[in-house]
Amino acid sequence: MSLQFNKEQMTELNRLVAHYPEGKQKSALLPVLHLAQDSFGGWLPTEAMDYVASLLSIEPIEVYEVATFYSMYHLKPMGKFIFEVCQTGPCMISGSENIIAYIQTQLGIQPGETTKDGLFSLKLVECLGACGYAPMMQVGKIYKEHLTKDKVDAIIAEYRLQAKA
Amino acid sequence: MGVKLLLEKASVPGIRSYDVYRREGGYAAVEKALKEMSIEAIVEEVKKSGLRGRGGAGFPAGMKWSFIAKPEGVPRHLVCNADESEPGTFKDRYLMEFLPHLLIEGLIISSFALGSNDTYIYIRGEYAWVATILEEAILEATKNGWLGKNILGTGFDCMIHVHRGAGAYICGEETALIESLEGKRGNPRIKPPFPAIQGLWMRPTVVNNVETLAAIVPIIKMGGEEYAKIGVGRSTGTKLISACGNINKPGVYEIDMTISVEDFIYSDEYCGGIANGKKLKACIPGGSSVPILPANLLLKTAKGETRYMNYESLSDGGFATGSMMGSGGFIVLDEDQCIVKNTLTLARFYRHESCGQCSPCREGTGWMEKILQKIESGKGEMSDIDLLWDIQRKIEGNTICPLGDAAAWPVAAAIRHFRDEFEWHINHKELAQTSNFGLQHYADPIHVPA
Ligand SMILES: Cc1cc2nc3c(=O)[nH]c(=O)nc-3n(C[C@H](O)[C@H](O)[C@H](O)COP(=O)(O)O)c2cc1C
Ligand code: SF4
Ligand code: FES
């Protein structure tokens with residue numbers, strides 16, 4: 001098996017599993033899948049899911065059924081930066097549609113697509129609990145709120161720069 | 001200025017850190033509860049306070065606590081519901097982000113009262129940075145002896161664990177949350193057995209909302225009776241409201257539930273009025289699941305009385321002319337908003353979030369979205385409105401968990417109060433693509449303060 005956690009990631013795995021009683025290590029599945037996704041290039045290939053199953057001593061199917069249920073796990077390769085823009089009611093009435101359209105033009109992609117350079121993916125998501133700070137999107141672990149066209153430009157520039165660094 | 005019990009210290013610089021929180025009187029409630037009070041006395045104070053669950057259902061917290069089974073030798077668990085995914089709701093995030101130690105303090109007291117040695121905070125996966133803030137706060141509390149073994153020499157051991165979800169609204173439902181915490185898909189369980197008897201790992205479990213558990217701190221400090229004097233009737237204490245949509249000052253506000261809806265929307269202390277000088281059209285006062293109300297029924301009840309921001313007044317008139325306090329997600333729509341489109345985004349949300357176990361919910365949410373999409377895009381027929389009505393009725397009450405109802409209610413209320421707007425969409429297919437029904441709905445001039 002080529003996919004493996006390094007020493008640091010192993011320490012984190014053990015920290016996560018220690019939150020649950022003995023024999024209940026399956027409870028760590030969601031947090032461990034987050035760790036795997038963060039560690040293995042931002043998505044969960046079958047190999048990564050099988051690896052997680054072996055680490056938690058559960059059947060691979062128990063991992064697959066969970067990985068396919070939750071929206072934060074990606075089952076195919078994604079762009080380096082994923083723009084997850086909220087499209088639910090409160091954001092919609094606060095102007096999310098214009099922002100989504102603007103991002104589409106600026107990146108030249110439709111929702112669900114990734115730019116050719118592999119830098120950006122666009123995904124439309126449902127309410128992220130930032131309705132008062134709409135329109136908004138999540139990029140990685142960060143919320144970008146009160147979006148305007150200017151702000152979107154600045155954000156794209158910021159990540160382009162980050163990718164070069 | 002209304003009474004502030006939870007957010008009183010929110011603007012103190014550095015209050016997120018243990019040192020500042022402690023200097024401001026933090027953890028005094030833990031000292032009082034663990035050193036001076038018995039478990040029974042704590043539960044009694046919570047009962048006297050009249051505190052109702054802040055997660056949406058409004059179930060009395062003290063009563064819920066008294067249901068927990070205590071079989072010999074079986075561990076019990078407290079689980080804090082921080083899944084917060086109901087559109088319009090972002091109050092728990094605010095509380096955890098700015099006052100993490102207030103929640104930790106409430107969790108320690110509640111864990112003590114329930115006998116939970118391992119307490120879990122189930123936080124929605126997207127709030128990753130909030131989870132980090134909580135973990136840091138837990139570390140600080142542990143270093144200072146508020147968590148860990150033999151807390152304050154009482155012999156009580158307690159640890160708080162943060163568990164990140166991974167994107168699923170349904171995991172806010174308490175039995176789905178428990179399944180998810182066990183590392184499974186978030187499929188709600190059939191009740192009974194209730195979590196208080198068989199919950200997490202089939203052990204007795206209490207699930208409470210973040211705000212409910214934070215409110216335990218002022219209740220212990222001031223006593224249940226004093227807490228109950230704040231507010232009105234069965235709406236005791238204070239409530240966090242997250243206000244959003246077309247208002248001047250979106251944000252999280254703590255109210256004492258005696259203020260009128262009109263004051264809440266128009267006063268500068270709270271929402272500051274409708275943005276851009278527009279008029280109020282409608283409002284979803286308690287998170288996306290509760291019935292939408294047109295402005296006239298929002299500000300005044302059907303009897304013509306002032307409507308207030310509390311459990312009883314918001315639901316005055318039942319579903320025919322009232323709504324619900326719900327989760328406190330207050331969504332305001334101005335005159336430019338289209339009810340059909342707004343309802344469509346909510347229908348899409350529920351279709352996306354249905355776990356798929358029950359056919360009325362799995363299929364019904366999909367149909368409702370499709371029909372609304374059809375009407376919105378100018379292809380609707382008159383019979384579609386009745387079909388929508390029929391579908392929502394067949395979902396309601398016929399499912400394992402209340403998500404089915406939550407999906408049905410917004411559609412039902414939109415048709416109930418805005419049927420003419422749906423009809424206009426169908427009769428003016430082209431016009432509806434470029435313009436808006438606006439406020440034509442109101443036969444009577446609505447009450448709009450100058
Ligand atoms: C579909 C659905 C989603 C829910 N989401 C949440 C949530 O995000 N947070 C929450 O506290 N309660 C949520 N609830 C309510 C919980 O099931 C439960 O009643 C609540 O956490 C109990 O806490 P409380 O009594 O302190 O309010 C949800 C219920 C349903 C049916
Ligand atoms: S009502 Fe919907 S979300 Fe709830 S259990 Fe049934 S299918 Fe799942
Ligand atoms: S609706 Fe967009 S964050 Fe809530």
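Sequence lines set the chain letters: A, B, ... in the order given, protein chains first and strands last, and positions in each chain run from 1. For the numbers below, each heavy atom of this structure counts, side chains included, while hydrogens, waters and symmetry mates do not.
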task: Please state whether the rings of B:His161 and A:His19 are parallel, tilted or perpendicular, taking 30° and 60° as the class boundaries.
output: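 Because their plane-to-plane angle is over 60°, the rings of B:His161 and A:His19 count as perpendicular.
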Which donor-acceptor pairs under 3.5 Å do side chains of residues 71-79 of chain A form with protein atoms, sequence neighbours excluded?
unit_1: A:Ser71; atom_1: OG; unit_2: B:Gly167; atom_2: O; d: 3.3
unit_1: A:Tyr73; atom_1: OH; unit_2: A:Leu30; atom_2: O; d: 2.8

Can you find a heavy atom in the side chain of [X] that is under 4.5 Å from one in the side chain of [Y]?
X: A:Lys26; Y: B:Lys184; result: yes
X: A:Phe69; Y: B:Ile170; result: yes
X: A:Pro31; Y: B:His163; result: yes

Check against side-chain contact (heavy atoms from CB on, under 4.5 Å), A:Gln87 and B:Arg348:
CA-CA 10 Å; A:Gln87 59 170 346; B:Arg348 184 185 58 216; 3.2 Å; yes
In a table with atom names and distances, give each donor-acceptor pair under 3.5 Å that connects a side chain of residues 332-341 of chain B to protein atoms at least two apart or in another chain.
unit_1: B:Asp334; atom_1: OD1; unit_2: B:Asp336; atom_2: N; d: 2.9
unit_1: B:Asp334; atom_1: OD1; unit_2: B:Gln337; atom_2: NE2; d: 3.4
unit_1: B:Glu335; atom_1: OE2; unit_2: B:Lys279; atom_2: N; d: 2.7
unit_1: B:Asp336; atom_1: OD2; unit_2: B:Lys278; atom_2: NZ; d: 2.7
unit_1: B:Gln337; atom_1: NE2; unit_2: A:Ile93; atom_2: O; d: 3.4
unit_1: B:Gln337; atom_1: NE2; unit_2: B:Asn246; atom_2: OD1; d: 3.3
unit_1: B:Lys341; atom_1: NZ; unit_2: A:Glu97; atom_2: OE1; d: 3.0
unit_1: B:Lys341; atom_1: NZ; unit_2: A:Glu97; atom_2: OE2; d: 2.7

- Message: I'd like to verify something: which residue of B:Glu86, B:Glu182, B:Glu126, B:Arg124 has the highest number of heavy-atom pairs under 4.5 Å with chain A?
- Response: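 Of the options given, most contacts go to B:Glu126.
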Handout entry: From B:Phe330 atom CZ to A:Cys131 atom SG, the distance as rounded to the nearest 0.5 Å
Key =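 Going from CZ on B:Phe330 over to SG on A:Cys131, the span is 14.0 Å.
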Apply side-chain contact (heavy atoms from CB on, under 4.5 Å) to B:Phe90 and A:Cys127, showing your working. CA-CA 10 Å; B:Phe90 47 101; A:Cys127 183; over 6 Å; no
key: side-chain contact (heavy atoms from CB on, under 4.5 Å) between A:Tyr20 and B:Leu200, intermediate numbers included   = CA-CA 11 Å; A:Tyr20 311 94; B:Leu200 181 60; over 6 Å; no
Checklist entry - Non-hydrogen atoms of chain B under 4.5 Å away: do they reach the side chain of A:Ala134, the backbone, both or neither? => result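 For A:Ala134, there is no contact with chain B at all, as no heavy atom is under 4.5 Å.
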